[in-house]
Enquirer: 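Handing you this structure, nothing more for now.
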There are 2 protein chains.
Amino acid sequence: MAASGIETALRMLEGRWKMVIIFHLFDRGTLRFSELERAIPGVSQKVLINQLRELEKDGIVERQVYPQVPPKVEYKLSAWGEQMCPALDLLLEWTAQRPQGNAET
Amino acid sequence: MAASGIETALRMLEGRWKMVIIFHLFDRGTLRFSELERAIPGVSQKVLINQLRELEKDGIVERQVYPQVPPKVEYKLSAWGEQMCPALDLLLEWTAQRPQGNAET
DNA sequence: CGGCGAGGTTACCTGTAGGTGAGTACCCTA
DNA sequence: TAGGGTACTCACCTACAGGTAACCTCGCCG
């Protein structure tokens, strides 16, 4: 069943903050951990790291560590991660086409 | 931030069985409750109903009740629900393009 | 009469995602 | 010497999605 492929995709995208992270990275290119922290006020360190790790292991974002005196770690979308954006756009379009504002009552 | 639109979409699609339901309905058109139950062996009644109700309230599936002697209820994708399929296809394509089989180790 | 199948509802339990708060190693600055 | 910034880790707690199992109504079949 074709659902399995999409389920895989959805699994990778699911997580309270992943989309937010992805959009920030798409928007600003490369961000340090602390920059992400500041860019996304609602998220806790633990969860942010968690979601970043998952995105990394799924190959969506890349993590670059600079072995410096004060640690420095940069995150950015992988090439493949960027390729996801058209799909997200289409999904966005689809939600926009929702008939008669079924905003939740 | 545009993420919010996609988060909405993701919220509607997220749920262990929703994609499976959607694919079955897309594939076979219209299905009765018991047909769905049989088509998706892993799901419990409670959860199946639950996900159907959510899909219905999000306007993705339509529910048709026939007030018959033994109850009969049919589910099918709404027009809008069917319009989601291209987006899912694109997502599917994207997952297919994943570089060097990062199947989870 | 007893049981089945339809499409549910209800009560209860569990696993896990997410949140909170603290601690850590290291160096720099004041 | 105290405190701050960086990128984390660890222990603990809670909420909720999902799973399990029993029950319900109504008619028909045997």
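These values consider heavy atoms only, across backbone and side chains, with no hydrogens, waters or symmetry-generated copies. In what follows, chains carry the letters A, B, and so on, assigned in the order in which the sequence lines appear, proteins first and then strands, with residues in each chain numbered from 1.
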Enquirer: Please determine, for the side chain of Arg53(A), which listed nucleotide (dT9(D), dG19(D), dA7(D)) has the closest atom?
Expert: dT9(D)
Enquirer: Nearest to the Val73(B) side chain among dG7(C), dA7(D), dT6(D), which nucleotide is it?
Expert: dG7(C)
Enquirer: Rounded to whole angstrom units, what separation is found between the CD atom of Gln68(B) and the C1' atom of dG7(C)?
Expert: 12 Å
Enquirer: Starting at CG of Leu88(B), measure out to CG of Leu10(A) and round the result to the nearest 0.5 Å.
Expert: 8.0 Å
Enquirer: Quick one, give me the B/S/- string for nucleotides 23-30 of chain D, reading 5' to 3', where B means a protein heavy atom under 4.0 Å from the base and S means that only happens at the primed atoms, P, OP1 or OP2.
Expert: ----S---
Enquirer: What does Ser44(B) touch in the nucleic acid at a heavy-atom separation under 4.0 angstrom: a base, only the sugar-phosphate, or nothing?
Expert: base
Enquirer: So how far is it from Glu37(A) CD to Glu35(A) CD, rounded to the nearest 0.5 Å?
Expert: 11.0 Å
Enquirer: Roughly how far, to the nearest 0.5 Å, is CG of Leu55(A) from CG of Asn50(A)?
Expert: 10.0 Å
Enquirer: Closest nucleotide of DNA chain D for Lys46(A) versus for Ile49(A): which of these residues is on the 5' side?
Expert: Ile49(A)
Enquirer: When you measure from the side chain of Arg63(A), which nucleotide among dG18(D), dG8(C), dC8(D) comes out closest?
Expert: dC8(D)
Enquirer: Rounded to the nearest 0.5 Å, what's the gap from CG on Leu90(A) to CD on Gln83(B)? Could you check?
Expert: 10.5 Å
Enquirer: What is the distance from atom CE of Met84(B) to atom OG1 of Thr95(A), rounded to the nearest 0.5 Å?
Expert: 12.0 Å
Enquirer: Let me know the distance between CG of Leu48(A) and P of dG21(C), rounded to the nearest Å.
Expert: 17 Å
Enquirer: First locate atom CH2 of Trp17(A), then atom CD of Glu54(A), and finally report the distance between them rounded to the nearest 0.5 Å.
Expert: 15.0 Å
Enquirer: Does the side chain of Arg32(B) get closer than 4.0 angstrom to OP1 or OP2 of dG5(C) through an N or O atom?
Expert: no
Enquirer: Need the bend value for the helix from dC1(C)-dG30(D) to dA30(C)-dT1(D): angle between end axes, 5 pairs each end, nearest 10°.
Expert: 30°
Enquirer: Output the rounded distance in Å from CD (Glu37(A)) to P (dT9(D)).
Expert: 13 Å
Enquirer: Using a strict heavy-atom distance below 4.0 Å, which residues from residues 8-17 of chain B are in contact with DNA chain D?
Expert: Gly15(B), Arg16(B), Trp17(B)
Enquirer: Separation of Ile40(A) atom CD1 from dA7(D) atom P, in whole Å?
Expert: 14 Å
Enquirer: Contact class for Gln51(B) vs. all strands (heavy atom < 4.0 Å): base, sugar-phosphate, or nothing?
Expert: sugar-phosphate
Enquirer: I need the single residue from Glu62(A), His24(A), Glu82(A) that forms a side-chain contact (heavy atoms from CB on, under 4.5 Å) with Leu77(A). Which is it?
Expert: Glu82(A)
Enquirer: Which residue, Ile49(A), Val73(A), Leu31(A), forms the side-chain contact (heavy atoms from CB on, under 4.5 Å) with Leu36(A)?
Expert: Leu31(A)
Enquirer: At their closest point, which heavy atom of Glu74(A) faces which heavy atom of Lys72(A), and how far apart are they?
Expert: OE2-CE, 3.4 Å
Enquirer: Look only at the side chain of Trp94(B) and the backbone of Trp80(A), and say whether a donor-acceptor pair between them is shorter than 3.5 Å.
Expert: yes
Enquirer: Do the side chain of Ser78(A) and the main chain of Ile60(A) share a donor and acceptor less than 3.5 angstrom apart?
Expert: yes
Enquirer: Tell me whether Lys18(A) contacts the main-chain N or O of Met12(A) through its side chain, where contact means a donor paired with an acceptor under 3.5 Å.
Expert: yes
Enquirer: Within this structure, what is the CD-to-P distance between Glu54(A) and dT16(C), rounded to whole angstrom?
Expert: 13 Å
Enquirer: Asn50(A) CG to dC8(D) C1': how many Å, rounded?
Expert: 12 Å
Enquirer: Looking at every strand, decide which applies to Tyr66(B) at a 4.0 Å heavy-atom threshold: base, sugar-phosphate, or nothing.
Expert: nothing
Enquirer: Rounded to the Å, how far apart are Leu52(A) CG and dA7(D) P?
Expert: 11 Å
Enquirer: Calculate the interatomic distance between Lys72(B) atom NZ and dG7(C) atom P; express it in whole Å.
Expert: 9 Å
